[in-house]
Amino acid sequence: MSKKRILSGMRPTGKLHIGHYVGALENWIKLQNDYESYHLIADYHVLTTNLDTSEIYNNSIEMVIDWIAAGLDPAKSLIFRQSQIKEHAELYLIFSMLVTTARLERNPTLKEQVRDLNIENMIYGHLGYTVLQSADILLYKGQAVPVGEDQVPHVEITREIARKFNNQYGLVFQEPEPLLTNFSRLQGLDGDAKMSKSLNNTILLSDEPEEVKQKLRKAVTDPLKVRRNDPGRPEVCLVFTYHKKFNHENVSEIESGCKSGELGCVDCKMKCVEKINMFLEPIIYKRKQMENDIDAVKNIIADGENKAKIVAASTMDEVHKVMSLG
Ligand code: TRP
């Protein structure tokens, strides 16, 4: 039986942080063995929040280096830029006729993104970016979409658009399923629910051991654990969430040490630093190798684009045919 196809993407905002890894990349790396994998660099999506395009290509390369350094294998996973395959724009236009603006305004992920923004100030392309995402997925007939929880509403809209298209013009698209990442969100170093570059609360996949140490040192912990021997509450501590992810085998020991007061925050943090650095070491090693051969990275992307173009053109042929536009 042929493998099912997955499609997922990320915005190229530069080097990735461990939140990207936990929320998406880790899952992609696991799934590439069982699925035919398409991974898109969502460069047009960046424009919804930043019109300056001068760094997009560089940022895309940095992101792809992190993807590969962490374990995404270009021999198994197709890697390509959204902007280089014109069919994204075309399918996006067609799909934009198949969904109401009210439906897009109800999207909870969009609401969260623009929480500080008055709807009056929202650009048209931002309101419609989910439609572009639907085109990303359906252009390659992605059957499953490995994403974090925040992207599930987008997959739902994609399903609705696929249904609407099929009913209106004829069966071309299958409705894709979200494939949820179990551990979808990593808190930021400041305790914010989200690790994010704009909040400056990240640990990068490329951070050197000393940097990780400095960053963790400043991370917030249980505010009621003031002195070393005070009993702490792991359930409210950010560092404990990192232990759960990166020091899984010792979680119960950390938990009891914290609760009894035997384990002070500084020691606890240093144990965490050690584990995170162990995790990052091979990634940093691989990154350095790739940094010495950026052309090889560019070639991987160009190769992915050549292959993606063929699939995209074939889907658009079908679309044109059922729409009698061919
Ligand atoms: N919208 C996603 C994000 O902001 C990125 C993305 C673009 C994507 N196209 C996609 C994710 C297609 C999954 C499938 O992170």
Side-chain angles (χ1 to χ4, degrees), residues 4-14 16-17 19-29 31-32 35-50 56 59-60 63-64 66-67 72 77-85 87-89 91-92 95-96 104 107-115 122-123 125-162 173-181 184-186 194-198 202 304-305 308 311-312 315:
K4 274 195 182 178
R5 187 175 290 170
I6 53 175
L7 184 133
S8 195
M10 258 186 223
R11 294 163 187 245
T13 51
L16 299 183
H17 53 69
H20 290 118
Y21 177 82
V22 168
L25 188 54
E26 181 178 25
N27 207 20
W28 297 3
I29 292 162
L31 294 168
Q32 66 183 344
Y35 289 84
E36 198 189 341
S37 296
Y38 282 58
H39 292 299
L40 153 133
I41 301 163
D43 49 1
Y44 274 146
H45 271 89
V46 175
L47 271 72
T48 57
T49 50
N50 182 6
I56 288 189
N59 285 343
S60 300
M63 179 171 82
V64 169
D66 281 331
W67 285 1
L72 203 70
S77 296
L78 224 58
I79 296 173
F80 56 99
R81 284 170 292 167
Q82 184 183 43
S83 65
Q84 299 310 297
I85 292 141
E87 285 84 353
H88 286 261
L91 194 57
Y92 168 55
F95 284 174
S96 74
L104 298 175
N107 171 3
T109 303
L110 182 82
K111 279 193 187 153
E112 188 184 321
Q113 277 180 358
V114 294
R115 61 187 158 180
M122 184 164 51
I123 55 167
H126 199 161
L127 178 66
Y129 89 98
T130 318
V131 184
L132 179 57
Q133 183 164 350
S134 302
D136 297 342
I137 297 167
L138 295 176
L139 192 52
Y140 304 97
K141 301 196 175 173
Q143 291 156 296
V145 189
V147 281
E149 204 130 1
D150 64 314
Q151 296 289 313
V152 173
H154 298 169
V155 181
E156 189 49 41
I157 290 176
T158 306
R159 292 167 62 87
E160 291 169 21
I161 290 177
F173 301 110
Q174 193 178 324
E175 292 178 32
E177 307 279 346
L179 265 184
L180 265 188
T181 315
S184 10
R185 233 180 212 195
L186 208 60
K194 202 173 168 190
M195 184 171 278
S196 142
K197 195 175 174 185
S198 58
T202 66
E305 285 163 4
V311 181
T315 303

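Order of listing sets the numbers, starting from 1, for every ligand and every atom in it. What you are looking at is a predicted structure, and each value in this text was computed from that prediction instead of being measured.
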- [ ] Please say whether Q82 places an N or O atom under 3.5 Å from an N or O atom belonging to ligand 1.
- [x]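 No, no N or O pair falls under 3.5 Å.
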
TODO: Please indicate whether any nitrogen or oxygen in Y129 is less than 3.5 Å from any nitrogen or oxygen in ligand 1.
DONE: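 It does not: no N or O of Y129 is found under 3.5 Å from an N or O of ligand 1.
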
TODO: Just say parallel, tilted or perpendicular for the rings of Y140 and H88, cut-offs at 30° and 60°.
DONE: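 It falls in the tilted class, 30° to 60°.
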
Counting non-hydrogen protein atoms only, what is the nearest one to [atom]? Give residue, atom name and distance.
atom: atom 3 (C) of ligand 1; value: Q151 NE2, 3.5 Å
atom: atom 10 (C) of ligand 1; value: Q133 CG, 3.4 Å
atom: atom 9 (N) of ligand 1; value: D136 OD2, 2.7 Å
atom: atom 5 (C) of ligand 1; value: G9 O, 3.7 Å
atom: atom 7 (C) of ligand 1; value: H45 CE1, 3.4 Å

Task: Nearest option to atom 4 (O) of ligand 1, as decided by whichever heavy atom of M10, R11, H39 sits closest - done: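 The nearest heavy atom belongs to R11.
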
- [ ] Please work out whether any backbone atom (N, CA, C, O) or any side-chain heavy atom from C-beta onward of A42 is under 4.0 Å from ligand 1, and answer side chain, backbone, both or neither.
- [x]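 Only the side chain of A42 comes within reach of ligand 1.
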
TODO: Using a 4.0 Å heavy-atom cut-off, say whether L132 meets ligand 1 through its side chain, its backbone, both or neither.
DONE: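 Answer for L132: neither.
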
Task: Any I41 side-chain heavy atom under 4.5 Å of F80 side chain - done: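 No - every pair of side-chain heavy atoms lies 4.5 Å or more apart.
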
Open item on the list: So I29 and Y21, do their side chains get closer than 4.5 Å, heavy atoms only?
Closed with: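 Yes, their side chains come closer than 4.5 Å.
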
Open item on the list: On the six-membered ring of Y129, is R11 placed so that its NZ or CZ lies under 6.0 angstrom from the centre and within 45° of the ring axis?
Closed with: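 Yes - R11 lies over the ring of Y129, closer than 6.0 Å to its centre and within 45° of its axis.
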
TODO: Decide side chain to side chain contact (heavy atoms under 4.5 Å, CB included) for Y38 and I137; before the verdict, give the C-alpha distance in whole Å, the side-chain angles of both, and the deciding distance to 0.1 Å.
DONE: CA-CA 9 Å; Y38 282 58; I137 297 167; over 6 Å; no

- [ ] Look at atom OH of Y92 and say whether more than 12 heavy atoms of other residues, nucleotides or ligands are closer to it than 6.0 Å.
- [x]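 Above 12, so yes.
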
Open item on the list: Using 0.5 Å steps for rounding, measure from the OG1 atom of T13 to the NE2 atom of H45.
Closed with: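 Between atom OG1 of T13 and atom NE2 of H45 there are 13.0 Å.
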
Open item on the list: As an exercise, identify every atom of ligand 1 less than 4.0 angstrom from a heavy atom of I137.
Closed with: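 This gives 12 (C), 14 (C) as the contact atoms.
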
Open item on the list: Can you name the atoms of ligand 1, numbered from 1 with element, that are less than 4.0 Å from a heavy atom of L7?
Closed with: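 Checking each atom against L7, I get 12 (C), 14 (C).
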
TODO: Using distance alone, with no hydrogens and no angle criterion, decide if H154 and Q133 have a side-chain donor and acceptor under 3.5 Å apart.
DONE: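 Looking only at side-chain atoms, Q133 and H154 do form a donor-acceptor pair, the distance falling under 3.5 Å.
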
